[in-house]
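Encoded as structure tokens, the structure appears first; notes follow it.
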Amino acid sequence: WSAQWLGDSQNIVATFIGSPASAYQAKTKDQRYHSALVDLGVTVGLSDSLAATARVGVELFRPGYAAQAASVGLKLSF
């Protein structure tokens, strides 16, 4: 489970240095959300000195955002 508690959106007003007439405004997004983080992994011993690993991770149910990650690896011990 993951949660973000930053609250309501806000206005940010800025200007470029030396040019006060260049003011602009940006509105941030409402950052409150809840999501599910799921990580799965497996390691298989191929021999006494060699192992293979696979991992996958996802973030689910976060509004307007999707995240996935995967990795595979070999480990040689000597």
Side-chain angles (χ1 to χ4, degrees):
W1 173 71
S2 172
Q4 183 59 263
W5 303 98
L6 288 178
D8 297 331
S9 63
Q10 299 180 18
N11 290 324
I12 298 173
V13 178
T15 61
F16 291 105
I17 295 173
S19 181
S22 67
Y24 62 94
Q25 182 172 313
K27 185 170 182 140
T28 65
K29 185 177 177 185
D30 182 0
Q31 294 295 316
R32 291 176 288 178
Y33 68 86
H34 295 274
S35 65
L37 302 173
V38 179
D39 287 317
L40 300 170
V42 64
T43 300
V44 176
L46 302 174
S47 70
D48 289 341
S49 61
L50 185 62
T53 302
R55 293 193 63 181
V56 64
V58 296
E59 184 172 9
L60 305 170
F61 312 118
R62 182 173 170 181
Y65 182 82
Q68 306 89 26
S71 66
V72 294
L74 289 173
K75 179 179 177 183
L76 177 62
S77 302
F78 53 93

Report task. Heavy atoms only: give me the nearest S35-F61 pair and the separation to one decimal. Result -> CB-C, 4.2 Å
Query raised in the report: What pairs with S49 under side chain to side chain contact (heavy atoms under 4.5 Å, CB included), at least two apart in sequence or on another chain?
Result: S47, L76
Query - T15: side-chain hydrogen bond (donor to acceptor under 3.5 Å, both in side chains) partners, not counting sequence neighbours - result: none
Report task. Give the minimum heavy-atom separation between S19 and S22, together with the two atoms involved. Result -> O-OG, 2.6 Å
Query raised in the report: Got a sec, which residues hit side-chain hydrogen bond (donor to acceptor under 3.5 Å, both in side chains) with T28, two or more places apart in sequence or on another chain?
Result: none
Requested in this report: Working to the nearest 0.5 Å, report the span between NZ of K75 and CG of L46.
Outcome: 12.5 Å
**Report entry** R55 vs D39, side chain to side chain contact (heavy atoms under 4.5 Å, CB included): CA-CA, chis, key distance, verdict
**Finding:** CA-CA 7 Å; R55 293 193 63 181; D39 287 317; 4.2 Å; yes
Query raised in the report: Does anything in residues 61-73 pair up under salt bridge (Lys or Arg N to Asp or Glu O under 4.0 Å), and if so which pairs, sequence neighbours excluded?
Result: E59-R62
Query raised in the report: Who are the ring pair (Phe, Tyr, Trp, His ring centres under 6.0 Å) partners of Y24, not counting sequence neighbours?
Result: F16
Query raised in the report: When hydrophobic residues are tied together by side-chain contacts of less than 4.5 Å, even through go-betweens, does V72 share a cluster with V42?
Result: no
Query raised in the report: Among pairs that include at least one residue of residues 40-49, which meet salt bridge (Lys or Arg N to Asp or Glu O under 4.0 Å), considering only residues two or more places apart or in two chains?
Result: none
Query raised in the report: Can Y65 be reached from L60 by stepping across I, L, V, M, F, W or Y side chains whose heavy atoms are under 4.5 Å apart?
Result: no
